[in-house]
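All chains are named by letter (A, B, ...) in the order of the sequence lines, taking the proteins before the strands, and each is independently numbered beginning at 1. Just so you know, these numbers use all the heavy atoms, side chains as well, and skip hydrogens, waters and symmetry mates.
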There are 2 protein chains.
Amino acid sequence: MTLSEENYLKAIFNLQQETDKGVSTNAIAEFMDTKASSATDMIKRLSEKKLLIYKPYQGARLTDKGRMHAVKVIRKHRLWETFLVENLEFSWDEVHEVAEQLEHIDSDKLIKQLDKFLGYPKNDPHGDPIPDENGNIATIEKKILAELQKNDEGICVGVDDSSSAFLKYLDKLNISLGNNIKVIEKEAFDNSMSIEVDGNKLTISSLASKNIYIKKTK
Amino acid sequence: MTLSEENYLKAIFNLQQETDKGVSTNAIAEFMDTKASSATDMIKRLSEKKLLIYKPYQGARLTDKGRMHAVKVIRKHRLWETFLVENLEFSWDEVHEVAEQLEHIDSDKLIKQLDKFLGYPKNDPHGDPIPDENGNIATIEKKILAELQKNDEGICVGVDDSSSAFLKYLDKLNISLGNNIKVIEKEAFDNSMSIEVDGNKLTISSLASKNIYIKKTK
DNA sequence: ATTAATTTTTAGACAAATCTAAAAATTTGT
DNA sequence: ACAAATTTTTAGATTTGTCTAAAAATTAAT
Ligand SMILES: [Mn+2]
Ligand SMILES: [Mn+2]
Ligand SMILES: [Mn+2]
Ligand SMILES: [Mn+2]
């Protein structure tokens, strides 16, 4: 399995999460920041390897084999991100790019021992669940902050946008995983929100609140 | 810098250590387990990138830039091997292949932090010196065990052959880095050696004794 | 039901890295 | 010095992954 094939598998896996339809050639090309013709080629290759089933105009669906491999790469990605933050003093906005490289290292023992070394972590530094050895991914009941109502309250358990820009912005606001967040006010005009983060009051835009996951407590 | 280019640089650096002449196309091809025509192509590419200077029939020599890059890859390789043994329960015969992959991960912060995490180790699990950030490689005065005389004594500080087969053989004999080794007898007939390893007497072949490095104490 | 818009595929080209087979250049042996 | 052996390069092909431009297939609109 080449690096490129693994990246396409991951992309298709992610796109598949958002819908129950097949993933279109164009969607894959856009996600991978490449051209439709390149996506067509890769779909053909992955299809030949029985990693996905493709029907023209109906899109691609990963086979069990394809899904398993994609999840394994995601598992590695998230374990490495955890290692970087927990042991190498990386901040959560710095880990993604390096993990994009590390996720392709091929060694069963390595990943097994890394998992053990980290103490079998359940979530990565962005709150995303780390798939287990068998490819199972835990789901937490979480809501987008933007959807909470006035006086709703909960714990910040994740982010939808893991870009460095957004994570740095959250750092500036002192918002991090585990924080208690309470909705003080919702502004109908621009959907901005006034919230209280572990006691501190602040206002965030609609764009920001759409990218924060909350596990409701009230 | 591609993975392949880095591997060629490493090969040329290693081959250069053994001689003061340039490294020939054929030597590179053999070391890389590839064909001379492939080596020619790569020499051309590396030469265009000013990583080496090549004169036909006189061989290749790394430039400062090329040497620096090769050493950086070796530094990463040895730091990762150290990590695998120290923290992930790998044995010294299992680390090389994984390190061959990890050495190509590109992140200055990663390698800096890994070094710090490991406590700035001086040597890797095979006794090889870990180059510092500036590309300096420490040299220890060491001798090949085969060259020691009767009653000579010293510490095992490294191995020349890092193959899994040889390392496993050493494990079986209970020879590891740091052991005190004393020459009891040298057999002229086949150059086998009777030695005492931390008290235990055993006999090893010429081939084995040629691949063990000793820092003499007596 | 045609036309228009969109999606997808094909065709042809390119770069990296490799190979085989043959040619060219150099070194060695006599 | 000349032939033989060795080393190195070239030429042409292959695979992976990509691109542009054009063609084909499908879906949507009137
Ligand atoms: Mn990530
Ligand atoms: Mn993550
Ligand atoms: Mn090694
Ligand atoms: Mn080593």
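Each of A:Tyr57 and A:Lys44 was assigned the nucleotide of DNA chain C with the nearest heavy atom; the assignment lying further toward the 5' end belongs to A:Tyr57. Heavy-atom nearest nucleotides on DNA chain D were determined for B:Thr25 and for A:Gln58, and the one closer to the 5' end corresponds to B:Thr25.
One interatomic measurement links the two molecules: CG of A:Asn26 to P of D:dA25, which rounds to 18 Å at whole-angstrom precision. Protein atom CD of A:Glu5 is 10 Å distant from nucleotide atom P of D:dT18, rounded to whole Å. When rounded to the nearest whole Å, the span between CD of A:Glu6 and P of D:dG17 equals 11 Å. Remark: P of D:dG12 and CG of B:Asp41 are 14 Å apart, rounded to the nearest angstrom.
Across all strands shown, A:Ser37 has heavy atoms under 4.0 Å from base atoms, whether or not it also approaches the sugar-phosphate. Within 4.0 Å of A:Ser4, counting heavy atoms only, lie sugar-phosphate atoms of the nucleic acid but no base atom. Among the protein residues, B:Lys55 comes within range of no part of the nucleic acid, since none of its heavy atoms lies under 4.0 Å from any strand. Within the nucleic acid shown, B:Thr40 comes within 4.0 Å of at least one base atom, counting heavy atoms only.
Contact between the side-chain N/O atoms of A:Lys35 and the OP1/OP2 oxygens of D:dT20 is found at a separation under 4.0 Å.
Counted by atom type alone, A:His77 and A:Asp124 present zero donor-acceptor pairs between their side chains at under 3.5 Å.
At least one donor-acceptor pair closer than 3.5 Å links the side chain of B:Thr63 to the backbone N or O of B:Leu51.
The one candidate from B:Leu79, B:Val73, B:Ile74, B:Val98 that meets the side-chain contact (heavy atoms from CB on, under 4.5 Å) condition with B:Glu103 is B:Val73. Of the options A:Lys112, A:Lys72, A:Lys76, a salt bridge (Lys or Arg N to Asp or Glu O under 4.0 Å) to A:Glu133 is made by A:Lys112 and by none of the others. For the side-chain contact (heavy atoms from CB on, under 4.5 Å) with A:His69, the lone residue among A:Glu6, A:Lys10, A:Lys49, A:Glu5 that qualifies is A:Glu6.
The side chain of A:Arg45 lies closest to D:dG17, out of D:dT26, D:dG17, D:dT18.
Taking a heavy-atom distance under 4.0 Å as the criterion, the stretch of DNA chain C touched by chain A extends 5' to 3' from C:dT7 to C:dT10.
The structure places CD of B:Glu147 at 8.0 Å from NZ of B:Lys186, a figure rounded to the nearest 0.5 Å. Taken to the nearest 0.5 Å, the CD atom of A:Gln16 stands 10.0 Å off from the CG atom of A:Asn14.
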